[in-house]
Amino acid sequence: MSETNNIDAIMKLARVIPVLVIKEAAYARPIAEALVAGGLRALEVTLRTPVALDVIREMAKVEGAVVGAGTVLNERDLESSLEAGAQFIVSPGLTKPLGKAAIASGSPFLPGIATAADIMRGLDMGLSRFKFFPAMAAGGIPALKALAAPFHQCRFCPTGGISQATFRDWLALDEVPCVGGSWLVPPGRPDAVAITTTARAIAGPSVSGPARAALMQSRG
């Protein structure tokens with residue numbers, strides 16, 4: 001399976017990819033289990049905290065979870081994330097060194113773009129799946145519509161400033177199979193029931209496989 005098909009599969013796992021900033025490694029498994037039980041299997045752990053790699057290691061142990069690393073900025077971050085068990089890579093931007101290394105690794109890769117030049121750089125590298133970031137600050141839905149028009153072969157995961165109240169507006173775009181959302185898991189000690197309830201409301205009928213089994217078990 002090609003790299004593009006791999007990232008396509010991850011982008012289709014759920015309508016929202018949780019973007020996670022976790023400061024306590026002990027919270028990793030409860031959060032992952034709660035999200036998977038609610039039907040959200042693709043989990044992006046951002047490399048914004050000292051324990052992020054430990055969080056990836058713990059979440060990777062949760063059945064049904066497909067754990068990726070976000071805020072990957074360079075080849076060093078890429079290598080560390082893959083060693084920790086990350087199954088896909090997300091970056092806020094796209095540089096030639098990181099892009100070449102990610103492609104060479106064979107890992108599903110979702111680089112960030114905000115301009116037409118960014119997209120053209122990605123296309124030159126053989127990439128056509130991108131994170132539109134920061135989505136709201138970069139112009140919101142009108143900006144993405146304008147960018148997507150000349151790049152019909154591309155698909156986007158908007159992230160940054162998207163909320164539970166607005167994510168469906170983004171998903172109404174043909175070019176948007178999923179969005180990234182940080183609102184699903186509030187800071188602090190996780191409330192597993194609340195996280196699962198929120199995830200379930202978002203995932204809807206897309207719950208399947210291990211997530212469906214966990215969900216049915218939770219319903220008794």
Find out if a path of hydrophobic residues (ILVMFWY) with successive side-chain heavy-atom gaps under 4.5 Å connects [X] to [Y].
{"X": "V45", "Y": "I195", "value": "yes"}
{"X": "M120", "Y": "L144", "value": "yes"}
{"X": "V90", "Y": "V21", "value": "no"}
{"X": "V19", "Y": "I7", "value": "no"}
{"X": "I103", "Y": "I113", "value": "yes"}

When you measure from the side chain of [X] to the backbone N and O of [Y], does any donor-acceptor pair fall under 3.5 Å?
{"X": "T198", "Y": "A194", "answer": "yes"}
{"X": "E175", "Y": "R155", "answer": "no"}
{"X": "T196", "Y": "A34", "answer": "yes"}
{"X": "R15", "Y": "L171", "answer": "no"}
{"X": "T71", "Y": "T46", "answer": "no"}
{"X": "R29", "Y": "M59", "answer": "no"}

Any chance you could measure [X], atom [atom1], to [Y], atom [atom2], to the nearest 0.5 Å?
{"X": "I89", "Y": "E44", "atom1": "CD1", "atom2": "CD", "value": "10.0 Å"}
{"X": "S105", "Y": "E75", "atom1": "OG", "atom2": "CD", "value": "10.5 Å"}
{"X": "I17", "Y": "L40", "atom1": "CD1", "atom2": "CG", "value": "9.5 Å"}
{"X": "R168", "Y": "S163", "atom1": "CZ", "atom2": "OG", "value": "10.5 Å"}
{"X": "Q153", "Y": "I119", "atom1": "CD", "atom2": "CD1", "value": "9.0 Å"}
{"X": "F133", "Y": "I162", "atom1": "CZ", "atom2": "CD1", "value": "10.5 Å"}

Closest heavy-atom contact between [X] and [Y]?
{"X": "S91", "Y": "G93", "value": "OG-O, 2.6 Å"}
{"X": "L94", "Y": "G99", "value": "CD1-CA, 4.0 Å"}
{"X": "A203", "Y": "G38", "value": "CB-O, 3.3 Å"}
{"X": "F132", "Y": "G140", "value": "CE2-O, 3.8 Å"}
{"X": "P158", "Y": "A135", "value": "CB-CB, 4.0 Å"}
{"X": "A14", "Y": "G39", "value": "CB-O, 4.1 Å"}

The salt bridge (charged side-chain N to carboxylate O under 4.0 Å, His left out) partners of R57 (sequence neighbours excluded) come to D54
Applying salt bridge (charged side-chain N to carboxylate O under 4.0 Å, His left out) to K61 and not counting sequence neighbours gives E58
Can you tell if the side chain of [X] reaches within under 4.5 Å of the side chain of [Y], non-hydrogen atoms only?
{"X": "K145", "Y": "L173", "answer": "yes"}
{"X": "T159", "Y": "P134", "answer": "no"}
{"X": "K131", "Y": "F156", "answer": "no"}
{"X": "E63", "Y": "V36", "answer": "no"}
{"X": "C154", "Y": "L123", "answer": "yes"}
{"X": "L110", "Y": "C157", "answer": "yes"}
{"X": "V66", "Y": "L43", "answer": "no"}
{"X": "V55", "Y": "V67", "answer": "no"}

Residues 107-126 vs salt bridge (charged side-chain N to carboxylate O under 4.0 Å, His left out), sequence neighbours excluded, gives D118-R121
Residue pairs meeting salt bridge (charged side-chain N to carboxylate O under 4.0 Å, His left out), one or both in residues 76-93, sequence neighbours left out, come to none
Exactly one candidate in L98, N6, L78 meets side chain to side chain contact (heavy atoms under 4.5 Å, CB included) with F109; the answer is L98
- Start with the C-alpha gap between V185 and I22, add the side-chain angles, then the distance that decides, and say whether side chain to side chain contact (heavy atoms under 4.5 Å, CB included) holds. CA-CA 9 Å; V185 179; I22 301 176; 5.7 Å; no
The ring-ring contact (aromatic ring centres under 6.0 Å, His included) partners of F151 (sequence neighbours excluded) come to none
Quick note, ring pair (Phe, Tyr, Trp, His ring centres under 6.0 Å) partners involving residues 157-185, not counting sequence neighbours, are F167-W183
